[in-house]
Amino acid sequence: QVQLVESGGGMVQSGGSLTLSCAASGFTLGHYNIGWFRQAPGKEREGISCISRTGDVIAYSDSVKGRFTISRDNNINTAYLQMSGLKPEDTGIYYCGTDWPPGETPCTALGPKESDYNDWGLGTQVIVSS
C-alpha cells in the first residue's frame, strides 16, 4: 500500500521547536522530490519547502526561510522538517507530498507548487501559542 505518514506535530509556545517526519511506505521515496505544505485555519494550503530527490536542491518560502530546515534520508524512506523560532502564524496542519512526474518538478525559491504534487499524507497538527 502506497502511503505517506506525517508525524511530530504538537503544541508549543512561541519561539519553540518541533521536528516533523514524513515516512513513506509501499514505494521508494528517493524517486521523488518532496514538498512540505501547511494549511492554516480558514486558509488555502501553502507550499513552504521542497527538496529534490538527492537533496542537492532545497528551497523555502519567505515565510519560513531561516527558521525551518528540510532534509531527507532516502535510506529509511523518510523526510523531515525541522522547525525552530515558531510563531503563532505557523499554526496549521502540515502535510508532505511527493511530486509528479517523479523528480521532475522544479524546486525553486518560490517554494513548492501544490499543483506539482499529487500524493499526500493526512497531515500533522502544529499549534503555536503566544
Any Tyr80 side-chain heavy atom under 4.5 Å of Cys22 side chain: no
Nearest heavy-atom neighbours spanning Ala59 and Ser49: O-OG, 3.0 Å
Non-hydrogen side-chain atoms of Met83 and Leu20 separated by less than 4.5 Å: yes
pair Glu46-Ser63: side-chain heavy atoms closer than 4.5 Å: yes
Charged N-O contact under 4.0 Å between Asp90 and Lys87: no
Sub-4.5 Å side-chain heavy-atom contact between Asp119 and Trp100: no
CG-OG1 distance between Asn118 and Thr105, expressed to the nearest 0.5 angstrom: 10.0 Å
Rounded distance (nearest 0.5 Å) linking atom OH of Tyr94 with atom CD of Gln125: 10.0 Å
Shortest non-hydrogen separation from Val128 to Val126 and the atoms involved: CG2-CG1, 4.0 Å
Spatial distance of atom CG (Leu81) from atom CH2 (Trp36) [nearest 0.5 Å]: 6.0 Å
Test item: Asp99 side-chain N/O and Asn33 main-chain N/O as donor-acceptor pair under 3.5 Å: yes
Rounded distance (nearest 0.5 Å) linking atom NZ of Lys113 with atom SG of Cys107: 12.5 Å
Single-linkage hydrophobic cluster, 4.5 Å side-chain cutoff, Ile48 and Ile70 together: yes
Closest non-hydrogen atom pair between Arg53 and His31, with its separation: CD-O, 2.9 Å
Nearest non-hydrogen partners of Asp56 and Thr54, listed with the distance: OD1-OG1, 2.8 Å
Spatial distance of atom CD1 (Ile93) from atom OG1 (Thr124) [nearest 0.5 Å]: 9.0 Å
Exam field: side chain Glu6 to backbone Cys96, donor-acceptor pair closer than 3.5 Å: yes
Transitive ILVMFWY side-chain link Ile127 to Leu86, under 4.5 Å: no
Any donor-acceptor N/O pair, Arg45 side chain to Arg38 backbone, under 3.5 Å: no
Closest heavy-atom pair and its distance - Gly111, Cys50: C-SG, 4.3 Å
Atom pair OG/CZ of Ser84 and Arg67 - distance to nearest 0.5 Å: 7.5 Å
Joint hydrophobic cluster, Phe27 plus Ile34, side-chain heavy atoms closer than 4.5 Å: yes
Heavy-atom pair of closest approach, residues Tyr117 and Gly35: CE2-N, 3.2 Å
Path from Leu18 to Val64 over hydrophobic side-chain contacts below 4.5 Å: yes
Aromatic plane relationship, Phe37 with Trp120 - under 30° parallel, 30 to 60° tilted, over 60° perpendicular: perpendicular
ILVMFWY cluster, Leu4 and Val2 together (side-chain gap under 4.5 Å): yes
